[in-house]
Amino acid sequence: MPPSTIAAIQAPAASLAKPVELTLFGLCVANALYLVFALLHGTILVGADGLPIPTDFVNVWAGGRVALEGQAAAAYDAVAHKAAQVAALGRDFAGEYPWVYPPTFFFAAAPLAMLPLTAAHVAWVAMTFAAFAAVMVAIMRGPVGLVMACAFPGIVANASVGQNGFLTAALIGGMLIVLNSRPLLAGILLGLLSFKPHFGVLIPLVLIAGGYWRVLFAAAATTLLLALAAWLVFGFEVWEGFFDALRSASQAALSLGLADWSKLQSLFGLVRILGGGETLAFVLQWMLAGATGLLLCLLWRSRAPFNLKAAGLAVGILLVPPYLFMYDDVTLAVAMAFLFREMQARGALPGEQAGLGAALLLVLIFPIVKVPVGFDATLVVALLIARRTDMDSGFAPFGRAPE
């Protein structure tokens, strides 16, 4: 096991400076008050008319319902799926929530659809937040991790609409925690992340660079077993429907802008909202993705502390895909937690805590601005990681990879 990994495992529980503690406590209170206020005023979960509010979660619930009825392929039919959502809500609504998940996600959606819609929404958020919070506590080795989980402003966007950001962050953070000590479990967690295929582009490259072959084999086996199980349970036609829906959703979100450019928390979204064309946005996005992948591969082949490698991968995952929303940025909290651990082990650099505070502020103001501030926050954290890597990590791009 590399010395940087041993140091990361043996490091004491992270603690925070008093101003940071007070800031995080204030954010916890703000998040809680917002959710309570929104619930009492009928802007989340249930409206003033007593009917469920149309949110992303109705997409998951309706997908699970048709899977339970033996018609899983119908979830990929936009008209049929919209009808199922309207029936679930008891009302019509503008727009649509297309089902573009891989068929493996039916295994998560179907049990939720056994509950009433609102109860399922609450259960989904509660269970996935608990997993996310547990991972944050494990990274920070103490209750300060729970404080950070509750304080991160991005949790409001995820909880309000019942999205999967908590689960995504929990799987990524959990994989990183056990990567060196339990490679089989790390691979299983990575395989479970296959319901977000656009998040899976960078991770295998970095693991190959780091020599984590057992993790990769376990992840590949888990992914293949899940795909086979979905085929056997739901039929081959669900895979045909998935690839058709994926093409349609990609065109709608990235070419036609039906999702609103300001909601895309990526360089692609920033270029489009500034008036850049689709080709320019894609070129710049893929240039950023290539540079991120190259730098992370070099980092993971180096003798840099594992906390920095983990933080870099968590933040890099958010820089690569053009299709990224604020609920996905919950993973940024994982990157920040690993960076906090490195600050605890080696001391904070000048301006480092202020930089993390700025990143939190950018995420916080998302509801009141029409720019991809989540992307800006990710860049801030990425620059903080790069600065620390350059200054005190012993970064040796061509050093020997871990065994």
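Keep in mind the model is a prediction, meaning the values are calculated, not measured.
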* Is the Phe195 ring parallel, tilted or perpendicular to the Tyr101 ring (thresholds 30°, 60°)? -> tilted
* Is there side-chain contact between Gln344 and Phe340, with heavy atoms separated by less than 4.5 Å? -> no
* **Least distance between heavy atoms, Phe129 atom then Cys150 atom** => CZ-SG, 3.9 Å
* Asked: Counting N and O atoms only, with roles assigned by atom type, does the side chain of Asn307 sit under 3.5 Å from a partner on the main chain of Phe338, one being a donor and the other an acceptor?
  -> no
* To do: Hey, could you give me the CG/OG1 distance between Leu361 and Thr23, rounded to the nearest 0.5 Å?
  => 10.5 Å
* Is the Tyr323 ring parallel, tilted or perpendicular to the Phe325 ring (thresholds 30°, 60°)? -> perpendicular
* To do: Give, for atom CG of Asp77 and atom CD of Gln71, the distance between the pair rounded to the nearest 0.5 Å.
  => 11.0 Å
* **Donor-acceptor contact below 3.5 Å, side chain Ser266 vs main chain Pro322** => yes
* Asked: Is there a side-chain contact between Leu45 and Leu39 (heavy atoms, below 4.5 Å)?
  -> yes
* Mind checking whether Phe57 and His121 have parallel, tilted or perpendicular rings, split at 30° and 60°? -> tilted
* Looking at side-chain heavy atoms only, is the closest gap between Asn59 and Pro98 below 4.5 Å? -> no
* When the aromatic ring centroids of Tyr97 and Phe93 are compared, is their separation below 6.0 Å? -> yes
* Asked: Which heavy atom in His81 sits nearest to a heavy atom in Ala62, and how many Å separate them?
  -> CE1-CB, 3.7 Å
* **Sub-4.5 Å side-chain heavy-atom contact between Leu274 and Val271** => no
* Quickly, which of Val334, Val315, Leu384 forms a side-chain contact (heavy atoms from CB on, under 4.5 Å) with Leu339? Name it, please. => Leu384
* To do: Kindly determine whether Val46 and Ile53 satisfy side-chain contact (heavy atoms from CB on, under 4.5 Å), including the steps that lead there.
  => CA-CA 5 Å; Val46 179; Ile53 294 174; 5.7 Å; no
* To do: Look at the side chain of Trp61 and the backbone N and O of Leu115, then say whether any donor-acceptor pair between them is shorter than 3.5 Å.
  => yes
* Locate the shortest heavy-atom distance separating Thr118 from Pro52; write the atom from each residue and the value. => OG1-CG, 4.1 Å
* Could you tell me whether the side chain of Gln285 and the main chain of Leu319 form a donor-acceptor pair under 3.5 Å? => yes
* Side-chain donor or acceptor of Ser160 paired with backbone N/O of Ala157 under 3.5 Å -> no
* Rounded to the nearest 0.5 Å, what's the gap from CZ on Phe132 to CG on Leu146? Could you check? => 10.0 Å
* Does Asp329 use its side chain to pair, donor to acceptor, with the backbone of Leu332 at less than 3.5 Å? -> no
* With side chains defined as the heavy atoms from C-beta onward, is the minimum distance between Val363 and Val373 less than 4.5 Å? -> no
* To do: Walk me through it: do Phe105 and Val60 pass the test side-chain contact (heavy atoms from CB on, under 4.5 Å)?
  => CA-CA 9 Å; Phe105 199 64; Val60 175; 4.3 Å; yes
* **Nearest-0.5 Å distance that lies between atom OG1 in Thr292 and atom CG in Leu299** => 12.0 Å
* Asked: Got a donor-acceptor contact below 3.5 angstrom from the Arg272 side chain to the Gly276 backbone?
  -> yes
* Tell me whether the centres of the aromatic rings in Phe234 and Phe236 are closer together than 6.0 Å. => no
* First locate atom CG of Leu192, then atom OG1 of Thr104, and finally report the distance between them rounded to the nearest 0.5 Å. => 9.0 Å
* Closest approach of Leu308 to Ile385 (non-hydrogen atoms, all atoms of both residues) -> O-CG2, 4.1 Å
* Whether Trp286 and Phe282 hold their rings parallel, tilted or perpendicular, with breakpoints at 30° and 60° -> parallel
* Asked: For atom CE of Met127, is the number of surrounding heavy atoms from other residues, nucleotides or ligands below 6.0 Å larger than 12?
  -> yes
* Asked: Donor-acceptor pair, Thr168 side chain versus Asn164 backbone, under 3.5 Å?
  -> yes
* Do Phe243 and Tyr76 make the cut of ring centroids closer than 6.0 angstrom? -> no
* **Heavy-atom donor-acceptor pair, Arg301 side chain to Ala209 backbone, under 3.5 Å** => yes
* **Nearest atoms (heavy-atom pairs only) where Pro197 meets Pro102** => CD-CG, 4.0 Å
* Taking atom CG of Leu176 and atom CD1 of Ile139, what is their separation to the nearest 0.5 Å? -> 7.0 Å
* To do: Evaluate whether atom CH2 of Trp239 has more than 12 neighbouring non-hydrogen atoms of other residues, nucleotides or ligands under 6.0 angstrom away.
  => yes
* To do: Quick one: closest heavy-atom pair of Ala67 and Phe106, and the distance?
  => CB-CD2, 3.7 Å
* Please say whether more than 12 non-hydrogen atoms of neighbouring residues, nucleotides or ligands are located less than 6.0 Å from CZ in Phe107. => yes
* **Side-chain heavy-atom pair Asp56, Tyr327 within 4.5 angstrom cut-off** => yes
* Asked: Considering only heavy atoms from C-beta outward, does the side chain of Phe375 approach that of Phe268 to under 4.5 Å?
  -> no
* Can you check whether Met136 reaches Val144 side chain to side chain, under 4.5 Å on heavy atoms? -> no
* To do: Verify side-chain contact (heavy atoms from CB on, under 4.5 Å) between Leu51 and Leu89, making sure each step is shown before the conclusion.
  => CA-CA 7 Å; Leu51 295 176; Leu89 293 167; over 6 Å; no
* Quick one: does Gln265's side chain have a donor or acceptor within less than 3.5 Å of a partner on Lys263's backbone? -> yes
* Asked: Is the NZ or CZ atom of Lys196 both under 6.0 Å from the centre of the six-membered ring of Phe199 and within 45° of that ring's axis?
  -> yes
